[in-house]
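In listed order, ligands and their atoms are each counted from 1. If you read the sequence from its start, that first residue is 1, and numbering goes on from there.
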Amino acid sequence: SAKPRLFSGMQPSADSLQLGNYIGALLQWKELQSTHDAIFCVVDLHAITVPQDPVQLRAATRRTAAQYIAAGIDPAQSILFVQSQVAAHPQLAWMLNTITGFGEASRMIQFKEKSQKQGADGTNVGLFTYPVLQAADILLYDAEIVPVGEDQRQHIELTRDLANRFNTRFGHTFVEPEAVIQKETAKVYDLQAPTNKMSKSASSTAGVVWMLDEPAVTAKKIMSAATDSGREVRFDSVEKPGISNLLTIYAVLSGRTIADIEREYDGHGYGDFKKGLAEVTVDTFSPIRARTLELLDDPAELDRILAGNADRAAGIADATLARAYDRMGF
Ligand code: ADP
Ligand code: NA
């Protein structure tokens with residue numbers, strides 16, 4: 001096809017995706033899928049680099065896929081598949097491992113941070129080679145565009161380096177992808193600790209808005225979001241990180257500008273503002289939640305969609321893998 005190929009994915013690391021995943025990933029994916037030949041993956045093989053319960057992993061994988069669809073990823077237009085259903089991913093990762101320097105992998109910031117937290121004995125080798133599996137995910141599809149958060153920039157650089165190195169040594173095989181780094185205006189912070197990124201793997205989830213929260217729970221979390229001691233609804237990420245975060249969320253979910261929202265709440269207290277945001281958020285997630293539950297209610301149909309999409313993905317990935325095998329001497 002003439003459209004540029006795009007690849008992106010998320011880990012099924014919790015039962016629900018969170019507001020930040022929606023604003024920072026799903027919303028952009030939905031927009032990009034019409035202008036790109038888009039492939040979206042639930043990267044369940046990445047999730048086992050930290051301990052996972054098999055029953056929980058299987059459930060979270062299906063729930064994550066259902067949320068992609070419910071949020072607007074069209075599995076007929078785009079390819080939406082589960083990583084473990086396409087065997088080429090770990091196969092290519094092994095080959096790429098053999099052209100990755102130990103020092104090079106040791107310099108990955110995410111690995112350094114996570115392994116420091118977990119200690120040498122709590123860290124498995126899979127976590128070390130995680131970025132190599134990520135490179136395989138991208139290179140298997142000749143992806144030109146990879147939308148990611150700022151924290152993934154270094155991994156996409158590594159992917160480019162590995163593609164280039166393989167091409168130089170063995171002959172042209174892979175496309176060197178470009179990272180499209182998420183805008184700062186698409187970054188969402190924890191509602192209780194508004195200087196930390198909202199995350200599905202946060203140690204305390206009191207400030208995390210889950211896409212599948214019941215509406216009353218969503219509203220309650222927003223009403224009790226941490227704010228500063230002032231009264232003005234004004235964007236100032238240094239002095240007023242809590243209010244600024246809520247303004248960002250409000251603007252993105254309503255499609256309005258921050259200035260317009262500031263004007264609406266001029267002279268009102270934080271309570272009115274939060275009430276307005278709670279409404280906007282509930283209006284956004286209620287239909288997504290309903291659609292997700294509907295999809296999960298018919299597991300055979302969801303499995304059929306995912307199996308069909310895995311076949312489409314494998315059709316591309318297997319051809320790339322065969323090319324790489326051949327070049328390497330197999
Ligand atoms: P999490 O921290 O929830 O596990 P990941 O780091 O695995 O999320 O990221 C999955 C996707 O969601 C990425 O595209 C990332 O940029 C996006 N994302 C995650 N958290 C946020 C956030 N708080 N604000 C904006 N985007 C986010
Ligand atoms: Na995470």
Side-chain angles (χ1 to χ4, degrees), residues 6-33 38-50 52 56-57 60-61 63-65 67-68 71-73 80 83 108-111 113-114 117 127 130-131 133-134 137-138 143 145-156 159 177 179-213 221-222 225-226 237 241-242 244-253 281 284 288:
L6 174 154
F7 182 95
S8 203
M10 275 191 266
Q11 284 189 52
S13 45
D15 274 343
S16 173
L17 296 176
Q18 44 90 6
L19 177 59
N21 301 136
Y22 180 72
I23 287 180
L26 290 170
L27 262 185
Q28 346 260 308
W29 291 3
K30 194 174 126 181
E31 263 175 40
L32 291 165
Q33 75 177 339
I39 303 179
F40 300 111
C41 189
V42 179
V43 292
D44 55 347
L45 294 172
H46 283 278
I48 61 168
T49 54
V50 293
Q52 297 289 329
Q56 203 275 334
L57 176 63
T61 300
R63 292 170 77 87
T64 301
Q67 287 170 91
Y68 283 12
I73 302 306
L80 188 178
Q83 186 189 29
M108 293 297 119
I109 295 160
Q110 198 172 70
F111 171 73
E113 284 175 357
K114 288 192 180 171
K117 234 182 264 170
L127 188 68
Y130 181 115
L133 179 58
Q134 190 176 351
D137 298 340
I138 296 164
I145 303 287
V146 187
V148 287
E150 175 62 43
D151 61 338
Q152 293 300 309
R153 186 191 289 277
Q154 193 187 27
H155 290 176
I156 309 306
T159 303
V180 173
I181 305 290
Q182 174 191 95
K183 294 185 235 92
E184 186 55 34
T185 50
K187 188 156 177 196
V188 174
Y189 295 89
D190 189 284
L191 296 191
Q192 289 306 322
T195 48
N196 297 343
K197 176 181 106 103
M198 190 180 286
S199 170
K200 58 180 137 62
S201 39
S203 50
S204 160
T205 57
V208 177
V209 174
W210 301 104
M211 276 174 51
L212 301 182
D213 271 342
K221 281 181 183 168
I222 291 170
S237 53
S244 301
N245 183 39
L246 298 181
L247 273 166
T248 298
I249 298 167
Y250 204 136
V252 174
L253 296 186
T281 310
T284 303
I288 294 176

- A student checking ligand 1 against Gly149 at a 4.0 Å heavy-atom cut-off should list atoms 16 (O)

- Please lay out, stage by stage, how Gln56 and Asp15 fare under the test side-chain hydrogen bond (donor to acceptor under 3.5 Å, both in side chains). CA-CA 8 Å; Gln56 203 275 334; Asp15 274 343; 3.3 Å; yes

- Give a yes/no verdict on a cation-pi contact between Lys30 and Tyr22, requiring under 6.0 Å between NZ or CZ and the six-membered ring centre and an angle within 45° of the axis. no

- Side chain, backbone, both or neither: which part of Gln18 comes within less than 4.0 Å of ligand 1 when only heavy atoms are counted? side chain

- Item | Under 4.0 Å to a heavy atom of Met198 - the qualifying atoms of ligand 1, by number | 20 (N), 21 (C), 22 (C), 23 (N)

- Note on the structure: Taking only non-hydrogen atoms of Ser199 and a 4.0 Å limit, the atoms of ligand 1 in range are 1 (P), 2 (O), 3 (O), 4 (O)

- Contact (N/O only, under 3.5 Å) between Lys200 and ligand 1: yes

- Query: Is any side-chain N of the basic residue among Lys187 and Glu184 closer than 4.0 Å to the acidic one's carboxylate O?
  - Reply: no

- When you check the side-chain N and O atoms of Asp137 and Gln83, is any donor under 3.5 Å from an acceptor? yes

- Under 30°, 30 to 60°, or over 60°: which ring-plane class applies to Tyr68 and Trp29, parallel, tilted or perpendicular? perpendicular

- Which of the numbered atoms in ligand 1 are below 4.0 angstrom from a heavy atom of Lys197? 2 (O), 6 (O), 8 (O), 19 (C), 20 (N), 21 (C), 22 (C), 23 (N)

- Among Val146, Leu27, Asp190, Val188, whose heavy atom sits nearest atom 23 (N) of ligand 1? Val188

- Would Asn21 count as a contact of ligand 1 if the rule is a heavy atom under 4.0 Å away? yes

- Determine, stepwise, if the pair Asp190 / Lys197 fulfils salt bridge (Lys or Arg N to Asp or Glu O under 4.0 Å). CA-CA 6 Å; Asp190 189 284; Lys197 176 181 106 103; over 6 Å; no

- Query: Numbering the atoms of ligand 1 from 1, which are under 4.0 Å from a heavy atom of Lys187?
  - Reply: 24 (N), 25 (C)

